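All figures in this text were calculated on a predicted structure; none of them were measured in a lab. The sequence lines fix the lettering, A, B, ..., with proteins before strands; numbering per chain opens at 1.
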Amino acid sequence: MQKYAAILDTVRSKTPLVHQITNYVTVNDCANVTICIGASPVMSHAPEDVKDMVALADALVLNIGTLDENQIKGMLEAGKAASEKGIPIILDPVGAGATPYRTRTAALLMKELRISVIKGNAGEIGTLAGADALVRGVDSQKLSGDPVETAKSLALASSCVVVLSGVEDIVSDGKRVAVISNGDPLMGKISGSGCMASVVCGAFAAVSDHFEGCVAAMTAFGVAGELAAEKSAGPGSFKPAFLDAVRAIESGVILKRAKIKEY
Amino acid sequence: MQKYAAILDTVRSKTPLVHQITNYVTVNDCANVTICIGASPVMSHAPEDVKDMVALADALVLNIGTLDENQIKGMLEAGKAASEKGIPIILDPVGAGATPYRTRTAALLMKELRISVIKGNAGEIGTLAGADALVRGVDSQKLSGDPVETAKSLALASSCVVVLSGVEDIVSDGKRVAVISNGDPLMGKISGSGCMASVVCGAFAAVSDHFEGCVAAMTAFGVAGELAAEKSAGPGSFKPAFLDAVRAIESGVILKRAKIKEY
Amino acid sequence: MQKYAAILDTVRSKTPLVHQITNYVTVNDCANVTICIGASPVMSHAPEDVKDMVALADALVLNIGTLDENQIKGMLEAGKAASEKGIPIILDPVGAGATPYRTRTAALLMKELRISVIKGNAGEIGTLAGADALVRGVDSQKLSGDPVETAKSLALASSCVVVLSGVEDIVSDGKRVAVISNGDPLMGKISGSGCMASVVCGAFAAVSDHFEGCVAAMTAFGVAGELAAEKSAGPGSFKPAFLDAVRAIESGVILKRAKIKEY
């Protein structure tokens, strides 16, 4: 447990630069959560700019929430530079499974880039696990009923860490599995929780083993949500309270409140 | 009055998916107000994606606040799919009348798509009413002094519901007219009130008669504004308080506070 | 001192329209701070739209935070119209020095347009001062150790007002220099402080001598930050409190709290 809580301190001492190509809905929340957790955000999507920005960055977060062709070009360009440089790439496949364009693009990014972490909800992770399985047979299209197995199998098939977020957050690298039960229902009542979680995973993965980083990130994120919920009158006041909590959170509090089960 | 308040409960029980192609200034507020009112937001603008997203959606909101050619393509593609599917399309013609590009694009969308609701301020609605009238004669270019008549005439000419928002909100389908006097001046002191109102109209129109849905939406919206203003120290603290209020509002409170006059 | 405080009242009585072509990260904050300070925001970036929008505007703010080729086209088109019309253009060269694309684009805008105000942090202003110096010799690439001299030299070389923001904000037109020591560390812990400051400079420059306008803007901005910090529990609650403070601030309070040194 101690090792997870300690990663937060490492983030804060190293202030990793997290380069984000993301949707225009929650981008401001993503920038602010990056600062509050102790890292540094930079947004850049132009193919002319991303390579040079990646050269400065410690992690790259690709979020397909409001995808278009220009953005895909920027993501591929940035992702190739990040793959070569060896910094972690976090993919948030927003809406994979909802439309073919999103599913296809997530698959393209997974094929072309050395993705380190895929973070999505049950539907998105299930789709990507199934999409992979699809090659092997039609039956596998059905999402497995067990989210732990789904996360594990996608992690194995894609050689990366999978974070399946929900009431319980599941993190797996194909061998190790951690289930985190921190968090608060209010986190599901604001736009941007998922996107912010991906960014925090990026900040933590930048300075640690990717599996341990994601477990630590989701735990810190969930604990901050619990603390913020205590001070909130609803989803509107929850967001500023959440950013305050992310900024104020310390490894000691995380140690005390963390609910992590490891398998 | 009861029938209007009841639509809120229907929104919450059906959780309509509101597909939004909107400006990048207030998009986060739009996403959050959609969740708080009890519906579900999705943003997607790529021509490659919108058709498939509309297939899942219960309403489509088109907001031209930060327009460009790519976005127009996405709006037309999404709008045609929505027209065929028969789900309501809400047009927020931000800045129509301010520049020819915006006026022209609003007119294009009105011509090419089966718009169900046009929601704008006096200048925007007046422009579109006049633009239409223009075809019939130059004198009609002058905006009518009476906003009720302006709303009514645009509704008639465009076979849709018109919502003319302001200190008093006017809703008309060309025959029926409702004037809603709820709201608070602080709503005019934040960016995004108008955009958020359009989205709430979309959520309500998705589950009801469009005229009744818009009356109910603007009333709920105004009442939430009143409740939030009581807890706010200024425009900055008003926004989180407003989202809290939208989430907390119940049909009983709306019934008590609604100020609707019908003609 | 009185003359600086008075400009705020002029902004509020004239409500200048501030046309902004800006990044998608902090655009909502920019819109809200514009309203709170007493001006009026409009965002428009399409080459088809910007010329007509500039015709209505009193200032143009160009912020290259999330640059791409389409945006550059819009910025050049808008900037040329603003140069011809004679309204102030404020350039916020976000990330100049970090990547060649950003440095190059800032230089391009400075070459093609009649920029009135350049507002950036030490790195950005240093880069642009050095980029200019670069033409004259390699040694000048090194940023001068003295930020006042850097600001002054860029102002002289570019015939504009330079605002170098930091713990102390430096404003110079090449001859006059003012150093403002207002503000609070929390301003550096949210995304968007710098972008918002540029917009406020735009609103003030629209109604006054550009040097005096920028001194007044940065002072009002800093004082509002101090007042907001007193009411904030962290960066999350600081932002709404800051917007409240910007809206509530009066010239009397600024007079009392202003820390301006002039050289």
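Judged by distance alone, the side chain of A:Asp169 and the main-chain N or O of A:Gly166 form a donor-acceptor pair under 3.5 Å. Put simply, the side chain of B:Ser13 gets close to the backbone of B:Thr10: a donor and an acceptor are under 3.5 Å apart. Between the side chain of A:Thr22 and the backbone N or O of A:Val27 there is no donor-acceptor pair closer than 3.5 Å.
Residues of residues 216-245 of chain B lying under 4.5 angstrom from chain A, judged on non-hydrogen atoms, are B:Pro240, B:Leu243, B:Asp244 by number. Inspection of non-hydrogen atoms places A:Gly65, A:Thr66, A:Leu67, A:Asp68, A:Glu69, A:Asn70 of residues 61-79 of chain A under 4.5 Å from chain B.
A donor atom on one side chain and an acceptor atom on the other are not found under 3.5 Å apart for A:Ser165 and A:Asn121.
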**Steps toward side-chain hydrogen bond (donor to acceptor under 3.5 Å, both in side chains) verdict (B:Asp52, A:Thr99)** = CA-CA 6 Å; B:Asp52 295 310; A:Thr99 64; 5.6 Å; no
**Asked** Hey, mind stepping through A:Ser44 and A:Gln20 against side-chain hydrogen bond (donor to acceptor under 3.5 Å, both in side chains) and telling me if it holds?
**Response** CA-CA 7 Å; A:Ser44 166; A:Gln20 306 172 36; over 6 Å; no
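For B:Ala31, the side chain to side chain contact (heavy atoms under 4.5 Å, CB included) criterion is met by A:Val25, A:Ser191, B:Pro41, B:Met43, not counting sequence neighbours. Here B:Asp58 pairs with nothing under the salt bridge (Lys or Arg N to Asp or Glu O under 4.0 Å) rule; sequence neighbours left out.
Within a 6.0 Å radius of NZ in B:Lys85, other residues, nucleotides and ligands contribute more than 12 heavy atoms. The 12-atom threshold is exceeded at CD of B:Glu112, counting heavy atoms of other residues, nucleotides or ligands nearer than 6.0 Å.
When each of B:Ala55, B:Cys30, B:Ala248, B:Ala46 is checked for heavy-atom pairs under 4.5 Å with chain A, B:Ala46 comes out on top.
For chain B, no part of A:Asn23 is nearby; none of its heavy atoms comes within less than 4.5 Å.
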